[in-house]
*Asks:* 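There's a structure below that I have some questions on.
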Amino acid sequence: MNDLGILCALGSGQQEVLAGLWRGDRSGLQPSDAFSPSRSHYLGAVTTPLPEIADALAVYACRNNQLLLAAAEQIRPGIEAMRERFGAERIGIALGTSTSGVRNTELALAYQAEHGRLPPTYHYKQQQMGAGADFLAEYLQIRGPAYTLSSACASSGKAFASAQRLLAMDLCDAVIVGGADSLCGLTVNGFAALESVGAGLCKPFGRRRDGINIGEAAALFILSKQPGPVCLRGVAATSDAYHFSAPDPDGTAVQTAMRAALDQAGLTPAQVDYLNLHGTATLLNDAMESKAVHAVFGTDTPVSSSKGMSGHTLGAAAALELGFCWLLLQSNDPQGRLIANINGDDIDPDLPPLNWVAPGQSLGRPLTVCQSNSFAFGGSNVSIIVAQA
């Protein structure tokens, strides 16, 4: 893994995001009624000014692709070096998203209701699920396989499994892999209708947790055959097939995903320095995940959910939180500072005991291995392991 471009409610760029994680910064989660005029919700919006999409690519002009463009520009030198080294045809793109640019369609339909026609700037490609990969391929002049996966909140995690296969099958020498999701009325009001949105700031694994704070983000990695500072050691995916939206309370398939990722990496649970939990702050997910993690890792491995700072970025969550792990490993911090489980609440005493990371907690040495979990509606589970090269 050669480089990382990242932006979320914590800020933009590696240094700013890592500093926010170490501070336990919740300032990016702010109440807003921008997508639900009759009701305010805490949202994790990206406030960094985003680059404009050129007129030549106007059919792709949407906020989701602006997030991707901002992340891509952070790693542009590395992408160009890979294209020069391997050729445009040997570089692929694998992305994950849950809504793509559907906000553009929401705005276009509102315009149509008022004016009787769609706005002249609207194009369906702005909201297509595959729009992000198509846009980056055109913008970066990449000619290898380029596609987007959409499996709700596990989307960008599945992209890493796909990118790993593209390299293993020798279809590519490098892959731009990650994901993006942007705030829109569909998700904000949809999750509210499911009674899955917290009344205030989210409380992952908290005694009084009552739902998620939706956020937006983009995270893009360069994954290649050329050694980088961090390596992708293991990726595993499973499916519960238990319920449309509720997780299997036993977490059996989640345990399988974590163990399969460890097997691929050739590691034991004791060798993982930090585990980033999916930790949505919903009653059912946190109960299931803590049970599954306790079964695999016991009470020794430091664990936390970072969603108390970034919000739940849905289809981008897996890539974003793997990016957080990448930042920890890349920091080479001699004390091994960790990401705290920030929730403004007491840990639920009814959950199985885990080694919850407290604010300011460190490993006592530089981190070498991190693992990250992501789960989705329909029982789609992904667990990914990254390590210092």
*Asks:* To the nearest 0.5 Å, how far apart are OG in Ser162 and CG in Leu167?
*Replies:* 10.0 Å
*Asks:* Quick one: does Gln388's side chain have a donor or acceptor within less than 3.5 Å of a partner on Val230's backbone?
*Replies:*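 Judged by distance alone, no pair lies under 3.5 Å.
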*Asks:* Would you find a donor on one side and an acceptor on the other, under 3.5 Å apart, between the side chain of Asp273 and the backbone of Val369?
*Replies:*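 Present.
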*Asks:* For the backbone of Cys202 and the side chain of Asn213, can you confirm whether one donor and one acceptor N or O come within less than 3.5 Å of each other?
*Replies:*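 Yes, because the side chain of Asn213 sits within donor-acceptor range (under 3.5 Å) of the backbone of Cys202.
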*Asks:* Looking at CD1 of Ile214 and OG of Ser32, how far apart are the two atoms once the value is rounded to the nearest 0.5 Å?
*Replies:*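 Those atoms lie 11.5 Å apart.
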*Asks:* Report yes if the distance between the aromatic ring centroids of Tyr274 and Phe324 is under 6.0 Å, otherwise no.
*Replies:* no
*Asks:* Could you check whether any side-chain N or O of Gln126 sits under 3.5 Å from a backbone N or O of Thr121, counting only pairs where one atom can act as donor and the other as acceptor?
*Replies:*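 Side chain of Gln126 to backbone of Thr121, a donor-acceptor pair under 3.5 Å: yes, one is there.
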*Asks:* Answer whether the closest heavy-atom distance between the side chains of Leu29 and Met309 falls below 4.5 Å.
*Replies:*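 Contact flag for Leu29/Met309 side chains = no.
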*Asks:* Would you say the side chains of Gln74 and Ser12 form a donor-acceptor pair under 3.5 Å?
*Replies:*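 Yes, Ser12 and Gln74 have a side-chain donor paired with an acceptor closer than 3.5 Å.
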*Asks:* If you count heavy atoms of other groups shown closer than 6.0 angstrom to CG of Asp55, is the number above 12?
*Replies:*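 Result for CG/Asp55: open.
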*Asks:* Within the 3.5 Å criterion, strictly below it, is a donor on Thr313 or Asp181 matched to an acceptor on the partner's side chain?
*Replies:*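 No.
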*Asks:* Just how far is it from atom CH2 of Trp356 to atom CG of Leu351, taken to the nearest 0.5 Å?
*Replies:*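 So the gap between those two atoms works out to 6.0 Å.
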*Asks:* Of all the heavy-atom pairs spanning Ala72 and Ile79, show the shortest one and how long it is.
*Replies:*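 In terms of heavy atoms, the two residues are closest at O-CD1, 4.1 Å.
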*Asks:* Looking only at non-hydrogen atoms, find the nearest pair between Ala70 and Leu50 and report the distance.
*Replies:*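 Closest approach of Ala70 to Leu50, heavy atoms only: CB-CD2, 4.1 Å.
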*Asks:* Show, in sequence, the C-alpha distance, side-chain angles and deciding distance for Arg209 and Asp286, and conclude whether the salt bridge (Lys or Arg N to Asp or Glu O under 4.0 Å) test is met.
*Replies:* CA-CA 9 Å; Arg209 67 189 185 279; Asp286 290 7; 3.7 Å; yes
*Asks:* Anything under 30° is parallel, anything over 60° is perpendicular, the rest tilted; go ahead and classify Phe221 against Phe160.
*Replies:* perpendicular
*Asks:* Would you mind telling me which of Leu262, Leu275, Asp300, Val293 makes a side-chain contact (heavy atoms from CB on, under 4.5 Å) with Pro269?
*Replies:*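 The side-chain contact (heavy atoms from CB on, under 4.5 Å) with Pro269 is passed solely by Leu262 among Leu262, Leu275, Asp300, Val293.
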*Asks:* Within a strict 4.5 Å, meaning less than it, do heavy atoms of the Gln128 and Phe135 side chains meet?
*Replies:*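 Gln128 vs Phe135: side chains apart.
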*Asks:* Can you classify the ring geometry of His278 versus His312 as parallel (below 30°), tilted (30 to 60°) or perpendicular (above 60°)?
*Replies:* perpendicular
*Asks:* Any luck finding a side-chain donor-acceptor pair between Asn276 and Ser306 under 3.5 Å?
*Replies:* yes
*Asks:* Which pair of heavy atoms, one from Gly279 and one from Phe205, lies closest together, and at what distance?
*Replies:* CA-CE1, 3.5 Å
*Asks:* Got a second to check how far Ile176's CD1 is from Ile93's CD1, nearest 0.5 Å?
*Replies:* 5.0 Å
*Asks:* Can you name the closest pair of heavy atoms from Val17 and Gly11 and give their distance?
*Replies:*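 So the two residues come closest at CG2-O, 3.6 Å.
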*Asks:* Ignoring hydrogens and geometry, is there a side-chain-to-backbone donor-acceptor pair from Thr97 to Ala180 under 3.5 Å?
*Replies:*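 Yes; judged by distance alone, with no hydrogens or angles, the pair exists.
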*Asks:* Any chance the side chains of Asp250 and Thr252 put a donor and an acceptor closer than 3.5 Å?
*Replies:*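 Checked: Asp250/Thr252 side chains show no N/O donor-acceptor pair below 3.5 Å.
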*Asks:* Within a strict 4.5 Å, meaning less than it, do heavy atoms of the Leu220 and Val177 side chains meet?
*Replies:*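 No, every pair of side-chain atoms sits at 4.5 Å or beyond.
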*Asks:* Which atom names give the shortest non-hydrogen contact between Ala131 and Tyr60, and what distance separates them?
*Replies:* O-CD2, 4.0 Å
*Asks:* Could you check whether Asn341 and Gln361, counting side-chain N and O atoms only, form a donor-acceptor pair closer than 3.5 Å?
*Replies:* no
*Asks:* I'd like to know if the side chain of Tyr124 pairs up with that of Thr105 as donor and acceptor (distance under 3.5 Å, no hydrogens or angles considered).
*Replies:* no
*Asks:* For Gln14 and Leu4, indicate whether the former's side chain and the latter's backbone hold a donor-acceptor pair under 3.5 Å.
*Replies:*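 A pair under 3.5 Å: yes.
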*Asks:* Roughly how far apart are Phe297 CZ and Leu354 CG, rounded to 0.5 Å?
*Replies:*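 Interatomic distance, Phe297 CZ to Leu354 CG, rounded to 0.5 Å: 10.5 Å.
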*Asks:* Are Trp326 and Pro229 packed together at the side-chain level, in the sense that at least one heavy-atom pair is separated by less than 4.5 angstrom?
*Replies:* yes
*Asks:* Is a donor on one side and an acceptor on the other found under 3.5 Å between the side chain of Thr238 and the backbone of Ala253?
*Replies:* yes
*Asks:* Taking the side chain as everything from C-beta on, heavy atoms only, tell me whether Gln371 gets closer than 4.5 Å to Leu267.
*Replies:*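 Answer no - side chains too far apart.
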*Asks:* When you compare the side chains of Ser383 and Asn373, does any donor N or O come within less than 3.5 Å of an acceptor on the partner?
*Replies:*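 Yes, a side-chain donor-acceptor pair sits under 3.5 Å.
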*Asks:* Rounded to the nearest 0.5 Å, what separation is found between the CE atom of Met82 and the CD1 atom of Ile142?
*Replies:*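 Interatomic distance, Met82 CE to Ile142 CD1, rounded to 0.5 Å: 11.0 Å.
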*Asks:* Are Cys62 and Arg103 packed together at the side-chain level, in the sense that at least one heavy-atom pair is separated by less than 4.5 angstrom?
*Replies:*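 Of all side-chain heavy-atom pairs linking Arg103 with Cys62, none is under 4.5 Å.
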*Asks:* What's the shortest heavy-atom distance between Ala281 and Pro204, and which atoms?
*Replies:*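 It is CB-N, 3.5 Å.
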*Asks:* Should the pair Arg83-Asp173 be classified as a salt bridge under the 4.0 Å nitrogen-to-oxygen rule?
*Replies:*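 Salt bridge: no.
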*Asks:* Give a yes or no on whether the backbone of Phe35 and the side-chain of Asn189 come within a donor-acceptor separation of less than 3.5 Å.
*Replies:* yes
*Asks:* Other residues, nucleotides and ligands only: do more than 12 of their heavy atoms fall within 6.0 Å of CD on Gln141?
*Replies:* yes
*Asks:* Are the side chain of Ser156 and the backbone N or O of Ala319 linked by a donor-acceptor pair below 3.5 Å?
*Replies:* yes
*Asks:* Does Glu216 reach the main-chain N or O of Leu183 with its side chain, forming a donor-acceptor pair under 3.5 Å?
*Replies:*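 Side chain of Glu216 to backbone of Leu183: a pair is present.
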